[in-house]
Amino acid sequence: IEFDGRPMPQGKQKENWVINNNSCRIIDSEDISVLRKVYRQYGYHRFWENNRAYLNEDEFESITDPSESIMLVSNVRIYRNDYDKAKIDFEWGGSLYPLKWISMTDPEYYSRINDGEEIFMDKAIIVVSIPKDIDYIDPRTGERKAFKFVSKVFPFE
């Protein structure tokens, strides 16, 4: 894809770009096997030093890593929770317990989970991000949190 735009870093999201409306042009296409190359080439494959759905304020403030991560995960479940929020659970990197209740913003899955379906995959490559700023204050404790989210899910064989 080619597009007209410019860099626009914001907060922790140093990699952000603003893309001019209607400027995206498809110049070539690849099959899904390109994911292996992309996964190897883009080196940040981490979850920001914890196995929670969020970073606390100290963890967030100390971040110097990229704001996006590409991760190969297994035992994936995509669903709507009891609060009608799109969520994804998965296992990663030999973690002793699954990572649960991560927000999922990939619109490709919305129609299926909106109909009550739960989607399962043995393996997937996911794009995970952190917000540009702290995005939540716990009303009970006052703790400030930055919630991680999955913006894209690619089934992976």
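All figures in this text were calculated on a predicted structure; none of them were measured in a lab.
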Could you walk me through whether Trp48 and Lys12 pass the side chain to side chain contact (heavy atoms under 4.5 Å, CB included) test, one step at a time? CA-CA 12 Å; Trp48 298 278; Lys12 293 292 181 181; over 6 Å; no

So if you build clusters from Ile, Leu, Val, Met, Phe, Trp, Tyr with side-chain heavy-atom gaps below 4.5 Å, do [X] and [Y] land together?
X	Y	answer
Ile134	Phe149	no
Leu99	Val153	yes
Tyr79	Ile88	no
Phe120	Phe90	no
Ile126	Phe47	yes

Other residues, nucleotides and ligands only: do more than 12 of their heavy atoms fall within 6.0 Å of [atom1] on [X]?
X	atom1	result
Arg6	CZ	no
Asp31	CG	yes
Lys152	NZ	yes
Asp122	CG	no
Asn22	CG	no

Least distance between heavy atoms, [X] atom then [Y] atom:
X	Y	result
Val76	Ala124	CG2-CB, 4.0 Å
Met71	Val128	SD-CG2, 3.8 Å
Leu55	Ile130	CD1-CG2, 4.0 Å
Ile1	Cys24	CG2-CB, 4.2 Å
Leu35	Pro155	CD1-O, 4.4 Å

Checking Asp4 against Arg25 for the salt bridge (charged side-chain N to carboxylate O under 4.0 Å, His left out) test, could you report, in this order, the C-alpha distance in whole Å, the side-chain angles of both residues, the deciding distance, and whether it holds? CA-CA 9 Å; Asp4 300 320; Arg25 301 170 297 283; 3.8 Å; yes

Heavy-atom side-chain proximity of [X] to [Y] below 4.5 angstrom:
X	Y	value
Pro98	Asp89	no
Asn81	Trp101	no
Asp106	Val150	no
Arg36	Leu72	no

Quick check for you: to the nearest 0.5 Å, what is the distance between [X] atom [atom1] and [Y] atom [atom2]?
X	Y	atom1	atom2	value
Lys100	Glu91	NZ	CD	9.5 Å
Ile113	Glu108	CD1	CD	12.0 Å
Asn56	Lys145	CG	NZ	9.0 Å
Ile63	Lys14	CD1	NZ	11.5 Å
Arg80	Tyr109	CZ	OH	14.5 Å
Arg144	Asp138	CZ	CG	12.5 Å

Between Phe147 and Tyr136, what is the ring plane arrangement, given parallel below 30°, perpendicular above 60°, and tilted in between?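 Plane angle over 60°, so perpendicular.
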
Under 3.5 Å: donor-acceptor pair, side chain of Gln13, backbone of Gln10: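 Flag not set: sc Gln13 to bb Gln10 has no pair under 3.5 Å.
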
Is a donor on one side and an acceptor on the other found under 3.5 Å between the side chain of Lys148 and the backbone of Ile102?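 Such a contact is absent between Lys148 side chain and Ile102 backbone.
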
Does Met104 form a side chain to side chain contact (heavy atoms under 4.5 Å, CB included) with Tyr110? I'd like the steps, not just the answer. CA-CA 9 Å; Met104 196 278 313; Tyr110 283 177; 3.9 Å; yes

Regarding Arg52 and the six-membered ring of Tyr54, is the cationic atom NZ or CZ under 6.0 Å from the ring centre and inside 45° of its axis?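 Yes, Arg52 sits over the ring of Tyr54.
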
Does the pair Glu15 and Ser67 meet the rule for a side chain to side chain contact (heavy atoms under 4.5 Å, CB included), with working shown? CA-CA 7 Å; Glu15 308 86 7; Ser67 66; 2.4 Å; yes

I would like to know whether Trp17 and Phe3 meet side chain to side chain contact (heavy atoms under 4.5 Å, CB included); could you show each step before the answer? CA-CA 10 Å; Trp17 276 66; Phe3 61 87; 3.7 Å; yes

